[in-house]
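As structure tokens, the structure follows; a few thoughts come after it.
The first residue in the sequence is number 1, and the count goes up from there.
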Amino acid sequence: MTLLPLHTRRFVSQVYCILNPKSRKKPVSVEMARPSSNLADFREVFSKAKHIAVITGAGVSAESGVPTFRGAGGYWRKWQAQHLATPEAFARNPSRVWEFYHYRREVMLTKNPNPAHIAIAECEARLSKQGRKVVVITQNIDELHRKAGTRNLYEIHGSLFKTRCNTCGSVRENYKSPVCPALDGKGAPDPDVEDAKIPVENLPRCEEKDCSGLLRPNVVWFGETLDSNVLGEVEKELEICDLCLVVGTSSVVYPAAMFAPQVASRGVPVAEFNMESTPATTSFTFHFQGPCGTTLPPALAHHETELMS
């Protein structure tokens, strides 16, 4: 067993809660003030912030038409994502799991960033010219932030468009379509579609010299810990930010669900942009309800106090 640094252990210890609901402690009922929805007040705080952390979740990508595989109807064929996105599922049936991820990759190649992604990327570019920093910490694996132009980006759950070798551990970008010839035309999500049952030797293979091991998507699966190095960098950003935005996330998936409350606990303003309230809403300074693509652009637009460049 490898002992992780203290700051990393605080986060990693939470990740298993997504697998075992019984492990979650019941929240303590505390009376707290309702967060403000006053955009002018938020804009005043925003105009003074020097280091902004933006935490994003599935709600941002959903507005680009990306399937979330969550809630009612969140199935691929007969399975929910949590029954496919595990090391055990991949060991039992790598063909089925690769069909699932091939389908998701192919869908994502047809999707584009929406106004929320673009507002964040444009804000980052604009503020960087003023000596101010915006960093994005995303739970999404679709690379839409990257496609929008975001540069300071932590993809804490990995990427659909990277693969990792089960044998040598090599991680590579992979934008092939299809990801391998045997998956061409496979992965249809309809419940009556039969598994392709592709022989393991025909699934994506490592291209490193003298390897050819079986590749897997380089994403964090249920039951796996997040990269401790990435988490360490994320915590550094959260410790120095003077404004935090929580965008399109349910605030129930750990460890990311702890990020914004951790920032709020040291008195830093936190603004939530989401379709509905979340378990963390009452601990935040601001809450703006509605589609992120509608609420976020005016919040991050050029402020009158900014110097034009």
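- A salt bridge links Asp195 with Arg77: the distance from a Lys NZ or Arg NE/NH1/NH2 to an Asp or Glu carboxylate oxygen falls below 4.0 Å.
- Arg105 CZ to Trp98 CH2: the interatomic distance, rounded to the nearest 0.5 Å, is 5.5 Å.
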Working for side-chain contact (heavy atoms from CB on, under 4.5 Å), residues Val200 and Leu214
CA-CA 8 Å; Val200 67; Leu214 177 64; 4.0 Å; yes
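- For Ser37, the side chain to side chain donor-acceptor pair (under 3.5 Å) test picks out no residue, with sequence neighbours left out.
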Let me see the working for Ile120 and Thr56 under side-chain contact (heavy atoms from CB on, under 4.5 Å), right down to the final yes or no.
CA-CA 10 Å; Ile120 293 169; Thr56 69; 4.2 Å; yes
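- Separating the CD atom in Glu272 from the OG1 atom in Thr281 is a distance of 3.5 Å, to the nearest 0.5 Å.
- When all heavy atoms of Gln139 and Gly57 are compared, the closest pair comes out as NE2-CA, 4.0 Å.
- Of all the heavy atoms in Ile198 and Ala182, the pair that sits closest is CD1-O, 3.4 Å.
- Only one option out of His157, Arg164, Glu155, Glu173 pairs with Asn218 in a side chain to side chain donor-acceptor pair (under 3.5 Å); it is Arg164.
- Linking ILVMFWY residues whenever their side-chain heavy atoms come closer than 4.5 Å, directly or via other members, leaves Leu144 and Met275 in distinct clusters.
- Connection of Val136 to Leu238 is not established within any shared hydrophobic cluster, with ILVMFWY side chains joined at heavy-atom distances below 4.5 Å, either directly or through further cluster members.
- By the ring pair (Phe, Tyr, Trp, His ring centres under 6.0 Å) test, Phe273 is found to be paired with Phe42, Phe288, residues two or more places apart in sequence or in another chain being considered.
- Counting heavy atoms of neighbouring residues, nucleotides and ligands inside a 6.0 Å radius, atom CZ of Arg172 exceeds 12 of them.
- Applying the 6.0 Å contact sphere to CD of Glu194 captures no more than 12 heavy atoms from other residues, nucleotides or ligands.
- By the 4.5 Å heavy-atom criterion applied to side chains, Phe286 and Pro35 are not counted as neighbours.
- Between Leu84 and Arg96, some side-chain heavy-atom pair lies under the 4.5 Å cut-off.
- Between the Glu63 side chain and the Cys292 main chain, a donor and an acceptor come within less than 3.5 Å of each other.
- Hydrophobic clustering, defined by side-chain heavy atoms of Ile, Leu, Val, Met, Phe, Trp and Tyr closer than 4.5 Å, leaves Val193 isolated from every other such residue.
- Cluster membership for Leu226 and Val263, using ILVMFWY side-chain heavy atoms within less than 4.5 angstrom, is shared.
- The CD atom of Glu239 sits 6.5 Å away from the CD atom of Gln262 when rounded to the nearest 0.5 Å.
- Proximity of Leu245 to Leu296: side-chain heavy atoms (C-beta onward) are separated by under 4.5 Å at one or more points.
- Taking each heavy atom of Glu99 and Ala196 in turn, the nearest pair found is OE2-N, 2.9 Å.
- Considering all non-hydrogen atoms of both residues, Cys211 and Cys165 come closest at SG-SG, 3.6 Å.
- Just one residue in the list Phe100, Phe222, Tyr101, Trp221 forms a ring-ring contact (aromatic ring centres under 6.0 Å, His included) with Phe90, and that residue is Trp221.
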I would like to know whether Arg126 and Glu122 meet salt bridge (Lys or Arg N to Asp or Glu O under 4.0 Å); could you show each step before the answer?
CA-CA 6 Å; Arg126 187 180 78 247; Glu122 289 181 348; over 6 Å; no
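- Clustering ILVMFWY residues whenever any of their side-chain heavy atoms sit less than 4.5 angstrom apart, transitively, puts Val171 in a cluster other than the one holding Val179.
- Although no hydrogens or angles enter the test, the distance criterion places no donor-acceptor pair under 3.5 Å between the side chain of Asp142 and the main chain of Ser61.
- Using a 4.5 Å cut-off between side-chain heavy atoms of Ile, Leu, Val, Met, Phe, Trp and Tyr, with links allowed through other members, Val54 and Val268 fall into different hydrophobic clusters.
- The structure places NZ of Lys78 at 10.0 Å from CG of Asp192, a figure rounded to the nearest 0.5 Å.
- Using a 4.5 Å heavy-atom cutoff, the side chains of Phe259 and Glu235 are not in contact.
- Atom NZ of Lys147 has more than 12 neighbouring heavy atoms from other residues, nucleotides or ligands inside a 6.0 Å radius.
- At most 12 heavy atoms of other shown residues, nucleotides or ligands fall within 6.0 angstrom of atom CD in Glu207.
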